[in-house]
Amino acid sequence: MQNLIINEGYKKGVDLFYGAQDERIFTKNKKYIDLSMCAGSILLGHNHKVFKKSIAKFISKKISNIAAPNISAKIFAKNIKRVVPNSEKIIFCNSGTEAVIKSLRLARAINNKKKIALVTGGWHGSVDQLLYKTNKKLKPVKLSSGLPEETYKNLILIPYNNFKKSEAILKKNRKNISCLIIEPIQACLPYENVGKYLKFLEIFCKKNNIILIFDEMITGLRTNCSSVQNYFNIKPDLSTFGKCFGAGLPIGIISISKSVTRKINKINPKVFFGGTFSGNSIVTFVGNEVLNYIIKNKKKIFKKINTNSKYLQAELNKFFVSNNLDLKIYRFHSMLRLVYTKNSIKDRASRDFLELKKNKLISKFKDYIKNKNIYIPSSGIMFQSYSHEKKDIDYIIKEFKKGSLKIFKK
Ligand SMILES: Cc1ncc(COP(=O)(O)O)c(C=O)c1O
């Protein structure tokens with residue numbers, strides 16, 4: 001229970017991080033190649049020159065934070081719409097969690113229905129209504145104590161990328177479902193046919209007055225300066241973003257589609273969105289400066305991070321196959337995860353089941369990699385940034401090869 005309450009990093013004796021530059025993070029004693037990049041929030045690298053300049057500009061222009069509608073938020077919202085063309089309205093929040101909570105609230109206000117359909121395998125932050133995983137029978141299993149009973153009662157689980165089962169469950173419950181929320185791409189899962197699955201959800205939701213929410217906290221901006229919805233040409237009703245848009249500062253964003261905006265304008269629901277730091281000037285100003293740079297340089301930025309990621313994946317998978325190791329790297333653009341089995345996995349539950357058997361070896365491997373000064377976050381999701389160089393990737397490949405042979409070769 002302790003780990004659930006207090007961050008693991010604060011256990012006694014842990015070498016705490018104090019800073020970072022480019023692709024490295026530092027503790028007092030060590031420098032690591034960072035494969036977390038602030039849980040996928042930093043696309044350019046730590047303390048990138050554009051980030052530093054924008055902070056200096058913020059100070060020299062005496063912008064400060066004003067808890068009132070401000071010009072920085074307005075400009076940033078306009079710019080976000082350039083990379084999320086389906087967006088008509090933007091609501092700023094302070095975290096991804098807050099954006100998800102408020103989008104669930106907005107959905108309920110629009111159609112006045114109770115139930116939430118949650119597609120399994122994703123993560124949506126510290127949201128009471130969604131802090132569940134699934135068991136084999138698709139029943140919700142709590143991920144935290146302290147969750148109110150109604151959250152369990154109102155939750156319907158839909159198996160990710162499983163057309164037949166998803167359709168059957170949705171049909172049975174469609175009249176009561178307010179919204180369906182999905183993390184459209186999950187780093188650790190294969191995504192063949194996901195485009196078709198997402199299209200099916202879009203059509204089903206539209207037909208049945210269900211608000212479709214894409215949680216693109218990770219994939220927003222990281223997907224070639226755009227999003228998964230653009231990549232697959234889907235128009236979700238609401239989308240939640242954050243991470244890269246904040247350039248390493250805390251942010252959450254709700255994007256409301258054109259069609260839902262029209263609906264809202266008709267029914268005019270009273271939905272509370274406010275907060276002291278919602279749309280604050282520091283995050284929106286810095287986020288906008290960094291976003292401008294990313295848009296301007298998108299070709300070279302995404303070419304580099306995607307090429308490095310592809311190379312890392314290809315080299316390691318080739319090695320795992322030729323050495324008959326039961327491992328496989330999955331990747332979507334610049335996010336990767338080592339899955340500790342080469343067996344086919346169709347969803348998160350099947351991955352967890354196969355990995356569970358190897359827990360001890362996995363933790364040995366993670367220790368090995370950390371000892372080689374490579375930092376992988378506990379989720380196992382590895383993010384590339386524009387600051388990672390080919391030599392870093394070669395070093396990671398070398399150590400992953402050595403470590404996997406040492407620990408997993410039978
Ligand atoms: C897909 C997704 N949704 C929501 C969240 C929650 O965002 P935050 O940690 O900013 O509250 C996360 C965070 O990792 C996420 O990956």
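Atoms within a ligand are numbered from 1 in the order they appear, just like the ligands themselves. Note that the coordinates shown come from a computational prediction; the quantities given were computed from them, not determined experimentally.
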Student: Check the angle between the aromatic planes of Tyr160 and Tyr197 and answer parallel, tilted or perpendicular using the 30° and 60° thresholds.
Tutor: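 Aromatic pair Tyr160/Tyr197 classed perpendicular.
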Student: Under a 4.0 Å threshold between the charged nitrogen and the carboxylate oxygen, would Asp394 count as salt-bridged to Lys390?
Tutor: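 Between Asp394 and Lys390 there is a salt bridge, with a charged N closer than 4.0 Å to a carboxylate O.
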Student: Mind telling me whether Phe17 and Tyr375 have parallel, tilted or perpendicular rings, with 30° and 60° as the class edges?
Tutor: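 Tyr375 and Phe17: perpendicular rings.
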Student: Heavy-atom cut-off of under 4.0 Å around ligand 1: list whichever protein residues fall inside it, by chain and number.
Tutor: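 Ser95, Gly96, Thr97, Trp123, His124, Gly125, Glu183, Asp215, Met217, Ile218, Lys243.
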Student: Any Lys/Arg nitrogen of Lys199 or Glu202 sitting under 4.0 Å from an Asp/Glu carboxylate oxygen of the other?
Tutor: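 Between Glu202 and Lys199 there is a salt bridge, with a charged N closer than 4.0 Å to a carboxylate O.
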Student: Do NZ/NE/NH1/NH2 and the carboxylate oxygens of Asp392 and Arg24 come within less than 4.0 Å?
Tutor: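 Arg24 and Asp392: salt-bridged.
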Student: Just one of Phe319, Phe365, Phe320 clears the ring-ring contact (aromatic ring centres under 6.0 Å, His included) bar with Phe400, so which one?
Tutor: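 Result for ring-ring contact (aromatic ring centres under 6.0 Å, His included) with Phe400: Phe365.
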